[in-house]
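Structure first, then comments.
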Amino acid sequence: MDEARHERIRAAVAAIPEGQVATYGDVAAEAGERSARLVGRVLREDGADLPWHRVLRADGSSAPQILDEQHARLRGEGVEIRDGKVVLAHHRAASGWLS
DNA sequence: CAGGTGACCCCAG
DNA sequence: CCTGGGGCCACCT
């Protein structure tokens, strides 16, 4: 079922450790997907119950509509944000965090 | 069937 | 810093 892929993406996001983050591309790779866009779409429609705030763009920025909420939550976990972007170098989860 | 649209990514100017 | 162009994928007109 197509539901399986959808599910793997959610699993990858759910497994990102607190205080750490990952890019949409990272999640896609971790879930065995080729499209980062798909990850964004999944989170948009059913990310409510997931730690979606730990997923960022490749440069550490975020889409304007979720920026406030995302930054607030991340700060709460001690994640550093500079110039509107998360400092990926310090908080990016190591690839294979799911396996 | 043909475009348009994103919580996207990457590279060249 | 910004713009363009190519890829990507599911969904809606």
Side-chain angles (χ1 to χ4, degrees):
Chain A
M1 188 77 123
D2 193 46
E3 194 41 43
R5 314 172 56 204
H6 207 277
E7 178 50 42
R8 275 181 285 114
I9 291 178
R10 284 200 302 261
V13 174
I16 302 172
E18 184 181 322
Q20 290 190 34
V21 302
T23 69
Y24 289 94
D26 289 344
V27 174
E30 203 68 23
E33 285 295 331
R34 303 195 310 164
S35 170
R37 245 191 219 298
L38 183 54
V39 174
R41 207 179 84 70
V42 169
L43 290 185
R44 183 187 35 155
E45 45 189 55
D46 118 301
D49 45 329
L50 294 169
W52 58 268
H53 55 282
R54 307 211 251 249
V55 183
L56 307 155
R57 285 183 181 158
D59 66 351
S61 66
S62 17
Q65 59 208 81
I66 59 170
L67 189 155
D68 291 329
E69 180 67 20
Q70 181 152 49
H71 282 192
R73 294 192 180 199
L74 288 177
R75 269 190 289 266
E77 298 185 356
V79 172
E80 318 162 49
I81 299 172
R82 232 181 321 184
D83 301 314
K85 303 179 189 174
V86 166
V87 184
L88 290 175
H90 293 14
H91 310 283
R92 196 175 197 172
S95 72
W97 76 79
L98 183 51
S99 59

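Numbers restart at 1 for each chain; the letters A, B, ... are given by sequence-line order, proteins then strands.
Remark: B:dC1 base-pairs with no nucleotide in the shown strands. Criterion, Watson-Crick or G-U wobble with two distances under 3.5 Å. C:dC1 is unpaired under the criterion used here, namely a Watson-Crick or G-U wobble arrangement in which both key atom distances are under 3.5 Å.
Side chains of A:Glu77 and A:His91: no donor on one and acceptor on the other come within 3.5 Å.
Note on A:Arg34: a side-chain N or O is less than 4.0 Å away from OP1 or OP2 of C:dC9. The side chain of A:Arg41 contributes an N or O atom lying less than 4.0 Å from OP1 or OP2 of C:dC11.
Atom CG of A:Asp26 is separated from atom P of C:dC8 by 19 Å (rounded to the nearest Å). Computed from coordinates, the A:His71 NE2 to B:dA7 P distance equals 16 Å when rounded to whole Å. Rounded to whole Å, atom C1' of B:dA7 lies 13 Å from atom CD1 of A:Ile16. Summarising the geometry, the separation between CD on A:Glu33 and P on B:dC9 is reported as 14 Å, rounded to the nearest angstrom. Distance, A:Tyr24 OH to B:dG6 P: 14 Å, rounded to whole Å. Here C:dC8 presents its P atom at 14 Å from CZ of A:Arg5, a figure rounded to the nearest Å. We find that CD1 of A:Ile9 is positioned 13 Å from C1' of B:dA7, with the value rounded to whole Å. In this structure, A:Gln65 atom CD and B:dT5 atom P are separated by 15 Å, rounded to whole Å.
When distances are taken from the side chain of A:Ala36 to each of C:dA10, B:dC9, C:dC9, the shortest belongs to B:dC9. Considering only the side chain of A:Ser35, C:dC8 comes nearest among B:dC9, C:dC8, B:dA7.
Judged by distance alone, with hydrogens and angles left aside, the side-chain atoms of A:Arg8 form a donor-acceptor pair with the main-chain N or O of A:Ala31 at under 3.5 Å. In this structure, the side chain of A:Glu30 engages the main chain of A:Trp97 through a donor-acceptor pair within 3.5 Å.
Within 4.0 Å (heavy atoms only), A:Arg44 reaches at least one base atom of the nucleic acid. Among the atoms of the strands shown, only primed sugar atoms or phosphate atoms (P, OP1, OP2) are found under 4.0 Å from some heavy atom of A:Leu38.
With rounding to the nearest 0.5 Å, the separation of CG in A:Leu88 from CG in A:Asp59 is 7.5 Å.
Just one residue in the list A:Lys85, A:Arg57, A:Gln70 forms a side-chain hydrogen bond (donor to acceptor under 3.5 Å, both in side chains) with A:Ser62, and that residue is A:Gln70.
For the C1' atom pair drawn from C:dG5 and B:dA7, the interatomic distance equals 22 Å after rounding to whole Å.
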